[in-house]
Amino acid sequence: MKKYALKIPRADQVRSDHFSLDYDAELNEAQLQVVKTFYGPILVVAGAGSGKTRTLTYRVARMVESGIAPEAILLLTFTRKASQEMLRRAAALLDTRCEHVAGGTFHSFSNMILRRYGRAIGLDSTFTILDQGDAEDVIGILLDQIGFKKQGRSFPKKGTIHAMFTKAVNKEFSIDTVIAKYYSTYFQEIEELTKLHALFCQYKFEHQLLDYDDLLVYLQRLLEQHQDVRQHLSDLYQFIMVDEYQDTNKIQARIVRLLAATHDNVMAVGDEAQSIYAFRGANYRNILEFPEQFPGTTIIKLEENFRSVQPILNVTNDVIKQARESFQKRLYTRQIGGTRPILVPTLNERQQSQFVAQRILELWQEEGIPLAKMAVLFRSSFHAFDLELELNRRNIPFVKVGGVKFIEAAHIKDILAHLRVLVNPLDEISWRRMLLLLDGVGPKTAAMIIQQLLVEQNPFAWLSEYPKKTKYRLDVQRLGSTLLTILPLPPAEQVRMLREYYAPILKNHYDDFAKREPDLEQLNIITEQFTSLEKFLTEMTLEPPNRSVDNMAQVEDQDEDLLVLSTIHSAKGLEWQSVFVIWLAEGRFPSMYSLDDDEALEEELRLLYVATTRAMQHLYLTYPVYDNKWGNYFGRPSRFLEGISRKNLEQWSLFEEDIEEDGEEEFA
DNA sequence: GCACAACACTTTTTT
DNA sequence: AGTGTTGTGC
């Protein structure tokens, strides 16, 4: 019998003279190469503002248009918002098929896979995800249980301990190494901490609790130990794209390697110069090592900048030039014109806030730039406190991104704890939180009640008929009956009734209850979009709204024109017409925690690079000369400013001019 | 033995 | 603003 081979063309070889999009006209040469290359490992080194998102969007469209099933594409990004936005744009370019592309963060992807296939490594499909605060609480409970409290010697607090543990996981160091390297003050406690870490892991596993790190670790384990699952996923996701590759850690890189085992169709996109998450284990060397991990890698560089005017790029180039590891790259643009970035020393923080607020007002009202096209960026969330006051004073509406998040506020966590036990009645952390809110209930009583209710068939019903004659009996019963009543209701209704239940507790517990009340209203609005409580809770831990608490309530309609205040970390991937970077002072930026560590300093520098490359037209760099935060002393301008050629900056000096109502400064 | 109010202290960046 | 510590009162 004659064998006759059928030659199936690969998707990138399918002749299609009638693509609905004119790719050649829309993209430059390098971008086009990215878009047209579907097969094999590809590393895209994408400089800031080089149209990376646009390129990825077109690539998704082209793949789908070439007949690749959207479900066979996996797009891993840093935030889920980023992937949704890309897929939305791809859908707008082509059609709604693009929305069926699988996308999300490593953590959300892992969550999905582990719920489905986690059985193989001992995970129940109903496991609970711990956010940072929850994981810290677990450590707190263990500390209580075993009484490590050392007299005389200082033992680290739960937050510090958790930071150590998570660093160990993400950098793949032993506890010893982490302590020696980053927490040498606690060198004495290595033994206890190692023991505690083992208990922590054991506790999580026994209670089916997964923290952020576990999501990655368990996914890696699943893929390594279960060939069949790996094969299945590899067959399913034929094309993998990973964005922000410079901010992945070793575990994530290994996950990518394992997922692509059978086909090698991986595109990693990133920029070493923008790596800003080393503190949580990210390793920009992942980019440099990608070609070794995937032999035969095609490297494509996107170097043309479409975002910023040349005078801004001159400054960003000066910034990154200071890096000791040579990321030597120079961004260039074909755009002409633009003005030099402006350097503004101010007397103190007050004056810095006044300057920023006044200048923003001018750009808004006189030059007609919408507030939403301007941003103020800072190293740490608290750097903006004074500015927030000033903006409020002048009625300039803004959103703040980063810092104490909505989801982390105590009163929000209180309500969420009540919801969580509805889904998982074995969630001790949440029980504890709820019980401690009741008058007369402390850690011991809470532990005692929890121990009893865990063995009950119906813990809610048991609580509602709580037998013990104690002063907190009525409160416990009220809690039980509330939970019992709301159990079958839809999420929004549950939250509404919980708010009623919680109102007296809120008043009792927090002096500023009036401020907190609107947040609960906001929580209620969010839950209205969900029909499943489980989904809602998972979403809130994996992809919480990243706006800070204070703003959450006031901002309801999306279209409102709002100034953006953001930490630089949260500004990744975004751009604005005008950008203000404040507090460019030693100890602030670079942060005081990085001053004695070369690697950390280097990361601060990259952070400044990320900040300055966000600006399209105008860039303002400010620093107060006088810093009254930590005792009164004269601060020094950031060392990073020294590396920027003065001819690339315009310097303004402020003077105050009295006007009728109150003193405001003007420019010289 | 336990809960709680008053106090002092420290506070980066995030999935 | 939250955490841990310490002293007081039930």
Side-chain angles (χ1 to χ4, degrees), chain A residues 76-82 104-111 129-133 135-137 140 143-144 149 151 154-160 162-163 166-167 169-170 210-216 244 247-249 251-252 275-282 377-385 401-405 407-411 413 435-436 438-448 470-472 508-512 515-516 539-544 546 549-550 566-572 583 587-595 600 603-604 606-607 610-611 629-630:
Chain A
L76 293 171
T77 51
F78 204 70
T79 63
R80 210 196 34 181
K81 230 173 84 193
T105 61
F106 274 91
H107 293 87
S108 65
F109 176 69
S110 175
N111 171 58
I129 299 172
L130 304 178
D131 67 18
Q132 185 181 315
E136 287 173 5
D137 286 346
L143 280 173
D144 270 356
K149 306 274 153 60
Q151 290 295 336
S154 67
F155 201 71
K157 321 191 219 197
K158 59 179 181 179
T160 313
H162 179 257
T166 190
K167 202 154 214 160
V169 175
N170 287 293
L210 271 68
D211 61 22
Y212 292 137
D213 302 335
D214 294 329
L215 285 171
L216 302 180
E244 309 284 9
D247 287 322
T248 55
N249 62 26
I251 306 176
Q252 289 166 319
S275 162
I276 53 175
Y277 281 91
F279 73 92
R280 72 170 212 216
L377 306 181
F378 31 84
R379 172 65 181 88
S380 310
S381 177
F382 74 94
H383 292 168
F385 286 169
V401 182
V404 178
K405 282 190 241 55
I407 197 83
E408 286 161 5
H411 49 301
K413 294 203 79 168
L435 290 167
L436 286 177
L438 306 179
D439 264 353
V441 178
K444 297 286 168 180
T445 311
M448 186 262 294
T470 52
K471 60 174 172 175
Y472 48 81
N508 197 353
H509 238 76
Y510 305 100
D511 298 338
D512 55 348
K515 255 192 198 164
R516 294 175 186 250
E539 185 119 341
M540 287 299 265
T541 12
L542 247 32
E543 293 282 342
N546 65 349
V549 223
D550 348 312
S566 174
T567 58
I568 299 169
H569 285 91
S570 297
K572 187 161 87 155
W583 270 120
R588 298 279 191 154
F589 196 176
S591 134
M592 56 185 299
Y593 299 95
S594 65
L595 296 180
E603 178 145 313
E604 301 280 315
R606 295 194 295 266
L607 210 42
V610 170
K629 181 75 184 180
W630 295 292

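Here is the naming used below: chain letters follow the sequence lines, and residue numbers restart at 1 for every chain. Below, each value reflects all heavy atoms present in this structure, side chains not excepted, and no hydrogens, waters or symmetry copies.
- Qualifying salt bridge (Lys or Arg N to Asp or Glu O under 4.0 Å) partners for A:R516, counting only residues two or more places apart in sequence or in other chains: A:D512.
- Each of B:dA3, B:dT13, B:dT14 was ranked by its minimum atom distance to the side chain of A:S570; first place goes to B:dT14.
- Rounded to a whole Å, the CZ atom of A:F378 is 15 Å from the P atom of B:dT12.
- In this model, the phosphate group of B:dT15 is not approached by any side-chain N or O of A:T79 to a distance below 4.0 Å at OP1 or OP2.
- The A:Q132 side chain lies nearest to B:dT14 when the options are B:dC2, B:dT14, B:dT12.
- Rounded to whole Å, atom P of B:dT11 lies 4 Å from atom OH of A:Y593.
- Put simply, CD1 on A:I568 is 11 Å from P on B:dT13, counting in whole angstrom units.
- Between A:L607 and A:K444, the residue anchored nearer the 5' end of DNA chain B, judged by the nucleotide with its closest heavy atom, is A:K444.
- Atom CG in A:L436 sits about 13 Å away from atom P in B:dA5, given to the nearest Å.
- For A:Y212, the ring pair (Phe, Tyr, Trp, His ring centres under 6.0 Å) partners two or more places apart in sequence, or in a different chain, are A:H107.
- Side-chain atoms of A:T105 come within 3.5 Å of backbone N or O of A:S108 as a donor-acceptor pair.
- Among the protein residues, A:S381 comes within range of the sugar-phosphate backbone only, with heavy atoms under 4.0 Å from sugar or phosphate atoms but none that close to a base.
- Side-chain proximity of A:H569 to the nucleotides B:dT15, B:dT13, B:dT12 is greatest for B:dT13.
- A close approach under 4.0 Å does occur between a side-chain nitrogen or oxygen of A:T567 and OP1 or OP2 of B:dT14.
- Take A:E539 and apply the salt bridge (Lys or Arg N to Asp or Glu O under 4.0 Å) test, not counting sequence neighbours, and it matches A:R80.
- Residue contacts for A:P544: at a heavy-atom cut-off of 4.0 Å it reaches no nucleic acid atom on any strand shown.
- Listed by chain and number, the residues in a salt bridge (Lys or Arg N to Asp or Glu O under 4.0 Å) with A:K167 amount to none (sequence neighbours excluded).
- The side chain of A:Y277 places no N or O atom within less than 4.0 Å of a non-bridging phosphate oxygen (OP1 or OP2) of B:dT14.
- One atom, CG of A:D439, and another, P of B:dA3, lie 12 Å apart when rounded to the nearest Å.
- A:T541 comes within 4.0 angstrom of nothing in the nucleic acid, heavy atoms only.
- The closest side-chain donor-acceptor pair between A:T567 and A:S570 falls under 3.5 angstrom.
- Remark: C1' of B:dT14 and CD of A:Q252 are 12 Å apart, rounded to the nearest angstrom.
- Taking atom NZ on A:K572 and atom C1' on B:dT12, their separation rounds to 16 Å, with Å as the unit.
- Spacing between atom NZ of A:K405 and atom P of B:dT14 amounts to 6 Å, rounded to whole angstrom units.
- Taking A:Y277 as the reference, A:F78, A:F279, A:H569 meet the ring pair (Phe, Tyr, Trp, His ring centres under 6.0 Å) condition, with sequence neighbours excluded.
- Ion pairing between a basic and an acidic side chain is recognised when a charged N comes within 4.0 Å of a carboxylate O; A:K158 and A:D137 show such pairing.
- Side-chain proximity of A:T105 to B:dT13, B:dA3, B:dT15: nearest is B:dT15.
- Lacking a ring centre under 5.5 Å from that of the base six-membered ring together with a plane angle below 30°, A:F106 does not count as stacked on B:dT15.
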Under 3.5 Å, which N/O atoms of the protein pair with N/O atoms of nucleotides 1-4 of chain C?
none

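- Taking the nucleotide of DNA chain B with the nearest heavy atom to each of A:Y212 and A:S591, the more 5' of the two is matched to A:S591.
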